[in-house]
Amino acid sequence: MARMDKRLLETLRGVRTGTIMFGQSNPPEISNLLIGLCEDFGLDPRLGDFELNQRLSCDVVHQGIASSCEAHTGYRWIQGFLIYLPVHLLPVLLSPKAFFKKLEANPVSTAASTLLATARSSAFLATYISMTWYGICFWRSRVMPLFMKLTGRQYTSNVVDRTWGPLLGSFLCGFSVLIEKPHRRAEMALYVLPRAMYSMWSRVMSGRLSRKVEVTGEALMYAISMSVLLTGMVWKRDMVRPSMQGLLGWMLEIPRAKSHGNHHHHGKGKGKANAVEGSVAAVVEDKDALAAVERARSDST
């Protein structure tokens, strides 16, 4: 999604694990990672030499797009927006009859709401991507130089790019969810929560449990999640998203929920019929009683 070069991604992973060290000699297969990247993007190959540099240059991180971190962030935003704009228009293309029916009934409102929703979702993803990039760049090109100036210490990329830069980028990109509507934010929170739990599980239990126990735990979590979802499909269908209802109903051949509206309507109609029958019976009984009173009077006279 971020379109990061694999060599740069491997470098950041190596910095994180400590297999790549700046200002020191590294194995040949590691030393040439960024040198080749710099040559491909028209940059000075010396910028990618780990032994000659204490820190990774922002020009290398930007992959030759722009020298300015802000300009690079703007480029990433536009790139992400243009990529995901047609993706969010796919539902319209997949069901054109329903869309054109709505468009024919209310053209201005339908077109405006569709374009606004598409632009909103595309802007969310574009902001998510660009804020991740900018958070890392802001830490390494703005915060750390100021910190080093104040403290008089020098830090290599093994410190600068190891934890705090990615952490700041991850923190800032989370605010992009505010672009979406409130009900969409809740859906995204439910989407992200299992991945956050998995990340914490892997982080805490890494090396402490055998792989067999880890796989068993993953399978157990999946079984519990699916049981909750399927229980909702059977007993609380209105709590499951319509798209998920259609998908699970098609895969598992679960019958559609009966329309409560029709049942309620028929119930009301039946109640009205019973009420009418009761009132007619009451009228008939009143007439019989009145006839009996009239006969009694005529007999007494």
Side-chain angles (χ1 to χ4, degrees), residues 1 84 86-106 109-110 113-114 116-118 120-122 124-125 128 170 173-206 208-275 277:
M1 189 164 63
Y84 287 99
V87 172
H88 289 287
L89 287 173
L90 279 177
V92 177
L93 300 177
L94 293 175
S95 57
K97 291 183 179 180
F99 174 73
F100 283 112
K101 187 176 181 179
K102 293 180 181 179
L103 190 64
E104 185 179 358
N106 198 341
S109 177
T110 302
S113 61
T114 302
L116 180 61
T118 302
R120 189 195 297 271
S121 296
S122 300
F124 156 70
L125 287 168
Y128 182 91
S170 302
C173 75
F175 288 99
S176 60
V177 76
L178 298 176
I179 298 175
E180 285 284 7
K181 292 183 177 180
H183 76 276
R184 289 276 294 161
R185 298 172 198 167
E187 293 175 359
M188 290 176 184
L190 292 175
Y191 174 79
V192 172
L193 181 60
R195 284 152 182 79
M197 293 173 63
Y198 177 78
S199 178
M200 292 178 63
W201 170 269
S202 301
R203 180 77 175 172
V204 173
M205 296 300 177
S206 178
R208 300 183 181 182
L209 299 174
S210 65
R211 181 57 185 164
K212 185 176 181 180
V213 175
E214 291 182 3
V215 171
T216 304
E218 294 172 7
L220 182 61
M221 290 292 293
Y222 176 79
I224 294 173
S225 303
M226 284 301 299
S227 64
V228 172
L229 185 59
L230 293 176
T231 302
M233 281 288 295
V234 175
W235 299 104
K236 291 286 185 179
R237 182 74 65 91
D238 56 333
M239 296 181 64
V240 182
R241 292 182 60 185
S243 58
M244 189 59 67
Q245 290 184 28
L247 179 62
L248 289 177
W250 173 71
M251 292 177 61
L252 305 176
E253 297 183 356
I254 300 176
R256 293 179 177 271
K258 295 181 179 180
S259 176
H260 295 287
N262 293 337
H263 179 72
H264 182 65
H265 177 73
H266 291 318
K268 288 177 64 178
K270 187 176 180 181
K272 288 181 179 180
N274 292 336
E277 290 177 0

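Values in this document were obtained by computation on a predicted structure and should not be read as measured data.
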Engineer: Just jot down the ring-ring contact (aromatic ring centres under 6.0 Å, His included) partners of Phe175, sequence neighbours excluded, or say none.
Structural biologist: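 Per chain and number, Phe175 pairs via ring-ring contact (aromatic ring centres under 6.0 Å, His included) with Phe171.
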Engineer: Please report the shortest heavy-atom distance between Phe124 and Ser176, naming the atom on each side.
Structural biologist: CD1-O, 3.2 Å
Engineer: Rounded to the nearest 0.5 Å, how far apart are CE of Met226 and OG1 of Thr231?
Structural biologist: 10.0 Å
Engineer: Please name the pair of heavy atoms, one in Thr110 and one in Thr114, separated by the smallest distance, quoted to 0.1 Å.
Structural biologist: O-OG1, 2.8 Å
Engineer: Quick one: list whatever passes salt bridge (Lys or Arg N to Asp or Glu O under 4.0 Å) with Arg120, sequence neighbours left out.
Structural biologist: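 Counting only residues at least two positions away or on another chain, Arg120 forms no salt bridge (Lys or Arg N to Asp or Glu O under 4.0 Å).
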Engineer: Can you tell me which residue among Lys181, Arg185, Glu180 is in a side-chain contact (heavy atoms from CB on, under 4.5 Å) with His183?
Structural biologist: Lys181
